[in-house]
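Keep in mind that this is a model prediction, so the values were computed, not measured. Numbered from 1 within each chain, the chains take letters A, B, ... in sequence-line order.
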Amino acid sequence: MEQADSLSSSGHSDLLASVGGAPFVDWPEDLYIPPDALQVFLDAFEGPLDLLLYLIRRQNLDILNIPIAQITRQYITYIDMMSNLQLELAAEYLVMAAVLAEIKSRMLLPRQSEEDNEEDDPRAFLIRKLQEYECIKKASEEIDQLPRMERDLFEIDVDASQIAVNKPLPDVSLKEMLLAFQDVLKRAEQLSHHQIVKEPLSVRERMTSILDSLKDMKSLVFTQLFGRFEGRHGVVVSFLAILELSKEGLIDIIQPEPFDAVHIKLRSAVSIQP
Amino acid sequence: MELKRIIEALLFASNKAMSVKQLQQIFPELEQPEADDIQSAVEQLIDDYAHRAIELKKVASGYRFQVKADVSPWVGRLFEEKPPKYSRALLETLAIIAYRQPVTRGDIEDIRGVAVSSNIIKTLLEREWVRVVAHKEIPGRPALFGTTKQFLDYFNLAALSELPTLQEMADLSALAEPDQHVLQVNSEQQETNPQQNPNNEESTEAVETKTGLESAVG
Amino acid sequence: MELKRIIEALLFASNKAMSVKQLQQIFPELEQPEADDIQSAVEQLIDDYAHRAIELKKVASGYRFQVKADVSPWVGRLFEEKPPKYSRALLETLAIIAYRQPVTRGDIEDIRGVAVSSNIIKTLLEREWVRVVAHKEIPGRPALFGTTKQFLDYFNLAALSELPTLQEMADLSALAEPDQHVLQVNSEQQETNPQQNPNNEESTEAVETKTGLESAVG
């Protein structure tokens, strides 16, 4: 009770503020607050519950047994002081003042002694909140003390920059490619003037392989392009491929003399010049 | 090559914690070692480094090599940037989410008794310490927040259960408890706590509570 | 604290090599250890790690821990990335080369209606799915592209003729026009064909030849 009284004690030379006519001198000693940084004072509390807890703890009071009248008086003194100093006060602080005042008034009413239980105790709700908040406050302080990265623990950095890393190549499914091709065909059809001739693929493939074999040879005898083992089907494919290559101007079919062997050669740059 | 040696190299080269499963998946599908073998290699490595300036530590998302806390004041001098500081408001919000998850912003405000600034929630989400786990099916469908593995990793924890235990709340029913005898028993149980935990201020106070009741109720 | 232990922590935490002088400067001015002492701590550390999967190595700008060469193939797997995806344009180009070979880049652009980027051709050549089979003897001598054996191998085809014919695809899209869903199913069937019957060249080709002949002759 001494501490509580000292709150409103007068006659101190360092008068900080005047609340309701009473001089105000008692800054909380365990909080270092420069008197000219009053905003800091309010910032030091995380809210009305924090302030209440501070008042309770400072006097070694037990949460379950808060002398409501006394705490309310102190709390409201602080609030008054803060508003007198024109600090911007969060609404929550005023709400708490109202809650305290309400509890105080209810405590003054006569109690039904026998049927007393916690729901009837006007303090119960507040106590529960204070307890819960204190719990969390303690936990947050402990979390703050845990060794943590960047402050107490550091990642290690071992050089691996010289290590060769495989760059895997993208995967393609046949279906993906076919769907892409379908799109091309649709677009090509819309550009109607472009007719994509529907050659069988075996012919297109053979066209490629004939060009390939001509690359190293100046010319090939026509019959060399037909393999007996391929049968009639192969002959047809090769024949169509040669005709198509000729039509596209990629090869020349040459017969130097009548009844001589027919030769196939890549169309040379010279031959198309006039 | 010795499995332990490969695991050691992987854990050193990786820039984040790796689980046994992730380590396993580094190996080609048909050559993957058993999880048990990897686990035992990891445990041998933990022993190997027990007395060095670095340690192999299990955190929520796996194992990582880190510089031990006792040398951190020296290591801190390596970096010009000071480690980030977190406000009380942020730490309290984080604690509520950690211990009471899943919680809505309203729940947090209820417990703290003040509004929670959007910046705090944003910072927690950006650091990936907290995520939205669901939405509560009440009007407005507020987000329900929970903590992440990154939160545990950052605070050097392997699981939520490694968080400091929450102080037990003193029993509210004591307020109206008519039977003084029961109270005695309770307070004796309470009394054993402070010995286990010499700095446990809270539980000593709980004892006081019970004795203090007489004057309050009587 | 033991100097070696601090040096070890510093070398592990630093993200670049550190010289003896740099290590020395981490200490407050009046407490700086002698360079010789740091040097000898470093040398002890080199010995300590001689048989581990990492080594403390002297490089041009100082000392740093790095992964040893013998384990580096494993560490390489750690950093392997997911393969990227090829663009639609690349797939179209590849399909045109497959179906219309031998073709010049100009032909491809004609069919696609847009320019073909050099990168696409380069990628296809590098992948060895496409090669230059000849040059067309027109001004500029453009390359004629065709597919390779690697292309067939990759798609598990014995011959190009195992690809669905244009006619088959045209039929497919005609069929599928009203219902997108059918297209999906059909094209999936297409895909399974070559795999089910990788060597059944004869039967597919028989169909093709007929359709091909019609268009060639008609």
Side-chain angles (χ1 to χ4, degrees), chain B residues 1-19 21-33 38 41-42 44-57 62-81 83, chain C residues 1-19 21-33 38 41-42 44-57 62-82:
Chain B
M1 182 172 320
E2 203 193 340
L3 178 62
K4 191 175 96 173
R5 194 176 172 80
I6 299 171
I7 301 292
E8 185 181 14
L10 291 173
L11 288 169
F12 267 121
S14 170
N15 42 21
K16 54 187 197 320
M18 290 189 82
S19 66
K21 201 183 167 102
Q22 286 168 327
L23 287 165
Q24 201 174 24
Q25 282 166 348
I26 295 294
F27 294 84
E29 219 165 314
L30 297 172
E31 300 168 34
Q32 283 178 4
I38 293 177
V42 166
Q44 284 173 47
L45 286 167
I46 291 176
D47 283 350
D48 289 357
Y49 284 90
H51 302 293
R52 302 230 64 105
I54 54 166
E55 62 187 332
L56 181 54
K57 168 94 185 166
Y63 295 88
R64 72 170 174 225
F65 275 110
Q66 59 191 32
V67 177
K68 276 192 193 150
D70 66 328
V71 272
S72 62
W74 298 100
V75 175
R77 299 175 66 95
L78 260 182
F79 308 106
E80 271 177 30
E81 249 177 83
Chain C
M1 181 170 322
E2 205 191 335
L3 178 63
K4 190 176 95 174
R5 194 178 173 78
I6 299 171
I7 300 293
E8 185 181 14
L10 290 173
L11 288 170
F12 265 120
S14 170
N15 46 18
K16 53 187 197 315
M18 289 188 83
S19 65
K21 198 177 170 100
Q22 284 168 326
L23 287 165
Q24 199 175 27
Q25 281 165 350
I26 295 294
F27 294 84
E29 220 166 316
L30 298 171
E31 299 168 33
Q32 281 179 5
I38 293 177
V42 166
Q44 283 174 49
L45 285 167
I46 291 177
D47 281 352
D48 288 358
Y49 283 88
H51 301 291
R52 303 232 61 106
I54 53 167
E55 61 190 333
L56 182 53
K57 180 122 196 197
Y63 294 90
R64 73 169 306 170
F65 278 106
Q66 57 185 39
V67 176
K68 274 198 193 145
D70 66 329
V71 274
S72 58
W74 296 99
V75 175
R77 297 181 61 93
L78 183 67
F79 300 117
E80 230 169 70
E81 281 164 30
K82 278 240 160 71

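Neither the backbone nor the side chain of C:Phe65 comes within contact range of chain B; no heavy atoms are under 4.5 Å apart. Using a 4.5 Å cut-off between heavy atoms, C:Leu23 makes no contact with chain B at all. Interface remark: C:Val67 contributes side-chain atoms only to the contact with chain B (heavy atom separation under 4.5 Å). Looking at C:Pro73, neither its backbone nor its side chain comes within 4.5 Å of chain B, counting heavy atoms on both sides.
Listed here is the closest heavy atom pair of B:Arg52 and C:Leu45: NH2-CD2, 3.7 Å.
Within 6.0 Å of NZ in C:Lys57 there are 12 or fewer heavy atoms belonging to other residues, nucleotides or ligands.
A 4.5 Å side-chain heavy-atom check between B:Arg5 and C:Asp70 finds at least one atom pair inside the cut-off.
In this structure C:Ser14 satisfies the side chain to side chain contact (heavy atoms under 4.5 Å, CB included) test together with B:Leu78, C:Lys16, C:Met18, sequence neighbours excluded.
Between C:Trp74 and B:Phe27, the ring-plane angle classifies as tilted under the 30° and 60° cut-offs.
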